[in-house]
Each structure stands twice: as structure tokens, then as C-alpha cells.
Trainee: 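To start, I am sharing the structure in question, which I have written as C-alpha cells.
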Amino acid sequence: LAVIKFHASWCKSCQAFSRKFQQLSSLSPSSISYASLEFSANPKLCRSLGVTHLPSVQIYKGSEGKVESFSCSPKRFDKVKVKINEWLDAAVFKVKAEPEI
């Protein structure tokens with residue numbers, strides 16, 4: 001599984017998101033690879049990958065290619081953990097329960 005974070009150095013939400021992303025990557029099993037791509041330095045590549053909002057995350061799985069693509073605020077970071085768990089078919093990360101409405 002490969003998880004790519006798209007961010008920009010001028011983006012305040014991206015800075016907070018990046019800290020959480022770094023922590024997550026340090027706690028992950030070796031079966032998950034993490035990468036970061038700076039939008040400002042690579043705008044054409046980011047746009048060609050469909051990135052329209054920052055911060056954003058894309059998840060790739062083997063021969064299936066891109067399986068998830070979403071923007072995500074630091075406050076909703078658990079969404080990243082949920083999606084990783086789904087694609088690994090295992091509860092690798094603990095996720096806070098969503099409040100029921």
C-alpha cells in the first residue's frame with residue numbers, strides 16, 4: 001500500500017496535517033509506504049493526478065493502482081486511518097468512533 005500526501009508549504013492546514021502524517025508513517029508497518037508531494041513545486045503533476053484541494057491524500061494498492069483520493073483537514077485525520085485499514089483488510093490503526101447522530 002502506498003499513501004501519498006499532497007501539501008503546500010504556505011498552507012496552514014497542510015502544516016498541521018503534515019505533523020500527523022509524519023507520526024502516522026512512523027507508527028506504520030513496513031507494508032505501507034508513505035510519500036509527500038509539494039504542490040507548489042509540482043503543480044502540473046499534482047493537477048494531472050487530480051489534486052484540486054490541499055491537503056489531499058491518495059492511496060495506491062499494487063496492480064489496482066489508485067484506490068482512494070480525497071482531501072482531508074487535520075481535524076478529520078482519522079479518515080486517513082480508516083481508509084488505510086479498509087485497504088489493508090485489517091485494523092492497523094485505532095480510530096475514534098464517529099459520534100452517532
Side-chain angles (χ1 to χ4, degrees):
L1 201 67
V3 182
I4 303 172
K5 169 191 66 154
F6 298 86
H7 63 101
S9 57
W10 48 263
C11 169
K12 295 292 183 194
S13 290
C14 295
Q15 293 167 11
F17 189 88
S18 291
R19 288 188 289 275
K20 291 182 178 203
F21 191 83
Q22 182 65 32
Q23 290 172 336
L24 183 69
S25 66
S26 68
L27 298 172
S28 293
S30 60
S31 59
I32 305 173
S33 299
Y34 289 86
S36 294
L37 193 60
E38 167 68 44
F39 188 90
S40 300
N42 303 284
K44 287 182 182 178
L45 176 59
C46 291
R47 285 191 189 102
S48 73
L49 292 170
V51 176
T52 58
H53 295 86
L54 297 173
S56 286
V57 173
Q58 291 186 353
I59 299 175
Y60 294 79
K61 185 173 183 180
S63 62
E64 294 177 50
K66 182 170 50 174
V67 292
E68 291 284 343
S69 182
F70 53 92
S71 61
C72 190
S73 70
K75 291 181 181 178
R76 305 237 337 133
F77 190 79
D78 275 352
K79 181 176 182 178
V80 176
K81 297 176 188 177
V82 167
K83 294 300 182 182
I84 289 172
N85 286 345
E86 286 175 7
W87 286 103
L88 287 178
D89 297 323
V92 175
F93 301 109
K94 284 188 173 182
V95 179
K96 291 181 222 166
E98 291 284 330
E100 290 188 31
I101 299 174

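This one's a predicted model, so the numbers in the text were calculated from it and none came from an experiment.
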Trainee: Heavy atoms, side chains only, cut-off 4.5 Å: are F17 and V57 in contact?
Mentor: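 The answer is yes; the side chains approach within 4.5 Å.
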Trainee: Between C72 and K79, which heavy-atom pair has the shortest distance, and what is it?
Mentor: SG-CB, 4.1 Å
Trainee: Report yes or no: does E68 contribute a side-chain atom to a donor-acceptor pair with the main-chain N or O of W87 at less than 3.5 Å?
Mentor: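 No.
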Trainee: In the structure I gave you, are the side-chain heavy atoms of L88 and I32 within less than 4.5 Å of one another anywhere?
Mentor: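 Sidechains of I32 and L88: in contact.
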Trainee: Do R47 and F39 come within less than 4.5 Å of each other through their side chains, counting heavy atoms only?
Mentor: yes
Trainee: Any side-chain heavy atom of V51 sitting closer than 4.5 Å to one from Q58?
Mentor: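 Heavy-atom side-chain distance check passes, below 4.5 Å.
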Trainee: A side-chain contact here means heavy atoms from C-beta on lying under 4.5 Å apart; do S13 and S73 qualify?
Mentor: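 Of all side-chain heavy-atom pairs linking S73 with S13, none is under 4.5 Å.
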Trainee: Could you check whether any side-chain heavy atom of W10 comes within less than 4.5 Å of a side-chain heavy atom of L54, counting everything from C-beta outward?
Mentor: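 Result yes, sub-4.5 Å side-chain heavy-atom pair found.
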Trainee: Give me the atom names and distance for the closest heavy-atom approach of S25 to Q22.
Mentor: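 S25 and Q22 have their closest heavy atoms at OG-O, 2.8 Å.
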Trainee: Could you pull out the closest heavy-atom pair between A16 and P74, with the gap in Å?
Mentor: CB-CG, 3.8 Å
Trainee: Which atoms form the tightest heavy-atom contact between S18 and K5, and what is the distance?
Mentor: OG-NZ, 2.8 Å
Trainee: Taking all heavy atoms of I4 and all of F21, pick out the closest pair and write down the distance.
Mentor: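 Smallest heavy-atom distance, with atoms named: C-CZ, 4.5 Å.
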